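Okay, so here's the structure we're looking at.
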2 protein chains.
Amino acid sequence: MYVSARSDYALRAMLAVAAGCTGPDGDHADPAPRAGSGEPGGELVKAAALAESQSIPLSFLQGILLDLRRAGLLFSHRGTDGGYALARPATEISVGDVLRAVGGSLTSVRGLPAEVAGYHGVATGLRDVWLAVDGAIALVVDRTTLADLLAEDRSVRR
Amino acid sequence: MYVSARSDYALRAMLAVAAGCTGPDGDHADPAPRAGSGEPGGELVKAAALAESQSIPLSFLQGILLDLRRAGLLFSHRGTDGGYALARPATEISVGDVLRAVGGSLTSVRGLPAEVAGYHGVATGLRDVWLAVDGAIALVVDRTTLADLLAEDRSVRR
DNA sequence: CAGTATTCCTACTTAGTTGGTAGGAACAGT
DNA sequence: ACTGTTCCTACCAACTAAGTAGGAATACTG
């Protein structure tokens, strides 16, 4: 499995949003509680704060956040007190959700999804291997939620 | 998981060698038994025959075969009746062996192996995810041998 | 309404990888 | 010698990933 910078950044950004953007030293950067409104998540975190806390190039991150929003994983708000928040609780967003939002399918053979593989002759059985691999990966990434990762002990679900 | 053309070709070529280069229509192309010698495998198959039977560009395939030989998976012989044969029985060569021979590690994060991932802050747990994914992939590809894939029913071991 | 802060969106640049080619040199048999 | 094959190096073209730049749209504040 190849994890691109895009996927990596996306996950780190989602985790930072989920944690209310806790920096490396455990400092909260601008909580901005936004009390008294029906928006999802609790605190709006600015893109610049995310970029800072996880050392991600800001303008690159912005494109990623946009993808996450379009995939329905993030809620966003513009303007002076704008920022991003999770669209669902962290317990209901899996690693797989994030990966698929920014990177397409988990397994691909020469750029195409594993299902579309034109094998012939002795190679026919290979297709099943890729499908099995895809299933094995999905099992891990779909069972692990952002909330699991934020709990320091026992982070990966088995 | 991304399966590159190189990995894909390598597996198809290995399967074709294991099958004695059986073409799409089930025709045997030049068995060339090479009786009376202690070489591994049974029949030497020429690179050109492999390229033909699995529609792989010949000169590209040659580089791949070289890698497979250097990894100790193939035996080769030059000259008029030269060709390639498996260095071990097909039951003792796994899909993972072939993938690692041509492609390095199975899981990589931004080009680096999963173990070497410098996460900090809230993202610390991600490393364990990639390790779990790597283990899950390995479980599939290391349990499946070339011989399994050549048996048409029940090709992928569970 | 003016001004400011932020997300949103598009186009572009740059560097590296992938897929593939070409042309021989080394080697084995006849 | 001659032929057929693997071996090896260098090279090329296209694509993708990673990152940049510059604004337009939107939301709040005084």
Side-chain angles (χ1 to χ4, degrees), chain A residues 2-10 12-13 17 21 29-30 32 34 36-37 39 41 43-52 54-71 74-85 87 102-104 108-112, chain B residues 2-10 12-13 17 21 29-30 32 34 36-37 39 41 43-52 54-71 74-85 87 102-104 108-112:
Chain A
Y2 179 74
V3 182
S4 63
R6 215 178 157 72
S7 304
D8 192 41
Y9 289 161
R12 282 156 59 183
V17 172
C21 196
D30 289 319
R34 266 198 91 62
S37 60
E39 275 110 26
E43 313 168 354
L44 284 175
V45 183
K46 299 194 207 313
L50 293 171
E52 231 272 299
Q54 283 291 318
S55 325
I56 305 173
L58 174 58
S59 31
F60 193 34
L61 176 63
Q62 286 179 326
I64 297 168
L65 291 171
L66 207 56
D67 278 350
L68 293 170
R69 200 203 111 232
R70 280 197 272 241
L74 281 183
F75 165 83
S76 73
H77 204 66
R78 293 201 253 203
T80 308
D81 275 327
Y84 297 88
V102 298
S108 71
V109 181
R110 311 193 55 183
L112 298 145
Chain B
Y2 180 74
V3 182
S4 63
R6 212 176 160 74
S7 303
D8 192 41
Y9 288 160
R12 282 156 60 185
V17 171
C21 195
D30 289 316
R34 266 197 92 61
S37 59
E39 276 108 27
E43 313 169 354
L44 283 175
V45 183
K46 296 193 209 314
L50 293 172
E52 231 272 299
Q54 283 291 319
S55 323
I56 303 173
L58 174 57
S59 30
F60 193 35
L61 176 63
Q62 285 179 326
I64 296 167
L65 291 171
L66 208 55
D67 278 349
L68 293 170
R69 200 204 109 232
R70 281 197 272 239
L74 281 182
F75 165 84
S76 72
H77 204 66
R78 295 201 255 204
T80 309
D81 274 328
Y84 297 88
V102 297
S108 71
V109 180
R110 311 193 53 185
L112 298 145

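Remember, it's a predicted structure, so these values are computed and weren't measured experimentally. Chain A is the first sequence line, chain B the second, and so forth, proteins listed ahead of strands; every chain is numbered from 1.
Separating the CG atom of Asp67(A) from the C1' atom of dC8(C) is a distance of 12 Å, rounded to the nearest angstrom. Between the P atom of dT3(D) and the CG atom of Asp81(B) lies a distance of 17 Å, rounded to the nearest Å. Per the geometry, CZ belonging to Arg69(A) stands 18 Å off P belonging to dT6(C), to the nearest Å. Distance CG (Leu112(B)) to P (dA17(D)): 17 Å, rounded to an integer number of Å. Regarding Leu44(A), its CG atom lies at a distance of 13 Å from the P atom of dA27(D), rounded to whole Å. dC28(D) atom P lies 12 Å from atom NZ of Lys46(A), rounded to whole Å. Leu65(A) has its CG atom 14 Å from the C1' atom of dC9(C), to the nearest Å. Whole-Å rounding puts the Leu50(A) CG to dT6(C) P distance at 13 Å.
The side chain of His77(A) contributes an N or O atom lying less than 4.0 Å from OP1 or OP2 of dC28(D). A sub-4.0 Å separation between OP1 or OP2 of dT6(C) and a side-chain N or O of Ser76(A) is absent. Here Tyr2(A) does not reach the OP1 or OP2 of dA17(D): none of its side-chain N or O atoms lies under 4.0 Å away. Proximity of Arg78(A) to the phosphate of dA25(D): no side-chain N or O atom is located under 4.0 Å from OP1 or OP2.
Comparing Leu61(B) and Arg70(A), the nucleotide of DNA chain C nearest to each residue sits closer to the 5' end for Arg70(A). Summary of the strand contacts: Gly79(A) and Leu58(B) both lie near DNA chain D, and taking for each the nucleotide with the nearest heavy atom, the more 5' one is attributed to Leu58(B). Comparing Arg110(B) and Gly83(B) against DNA chain D, the residue whose closest nucleotide sits nearer the 5' end is Gly83(B). Comparing Gly82(A) and Leu66(A), the nucleotide of DNA chain C nearest to each residue sits closer to the 5' end for Gly82(A).
Closest to the Phe60(A) side chain, of the nucleotides dT20(D), dC8(C), dC7(D), is dT20(D). The side chain of Tyr9(A) lies closest to dG19(D) when the candidates are dG19(D), dC9(C), dG20(C). Of the candidate nucleotides dC7(D), dG19(C), dT21(C), dC7(D) has the atom nearest to the side chain of Gln62(B).
In this structure Arg69(B) satisfies the salt bridge (charged side-chain N to carboxylate O under 4.0 Å, His left out) test with no other residue, sequence neighbours excluded. In this view, Ser4(A) and Ser7(A) satisfy the side-chain hydrogen bond (donor to acceptor under 3.5 Å, both in side chains) rule, not counting sequence neighbours.
Contact of Arg6(A) with dA17(D) (side chain to base): no donor-acceptor pair of N or O atoms is detected under 3.5 Å.
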Could you walk me through whether Val109(B) and Asp8(A) satisfy the side-chain contact (heavy atoms from CB on, under 4.5 Å) test, starting with their C-alpha distance in whole Å, then the side-chain angles of each, then the deciding distance to 0.1 Å, before giving a yes or no?
CA-CA 8 Å; Val109(B) 180; Asp8(A) 192 41; 4.2 Å; yes
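Looking at heavy-atom distances under 4.0 Å, Ser59(A) makes contact with a base. Here Ala47(B) lies in heavy-atom contact (under 4.0 Å) with sugar-phosphate atoms only.
Expressed to the nearest 0.5 Å, how far CD of Gln54(A) lies from CG of Leu61(A) amounts to 10.0 Å. Note that OH of Tyr2(B) and CZ of Arg110(A) are 7.5 Å apart. Values are rounded to the nearest 0.5 Å.
Each of Ile56(B), Ile64(B), Leu65(B) was scored for a side-chain contact (heavy atoms from CB on, under 4.5 Å) with Leu50(B), with one residue passing: Leu65(B).
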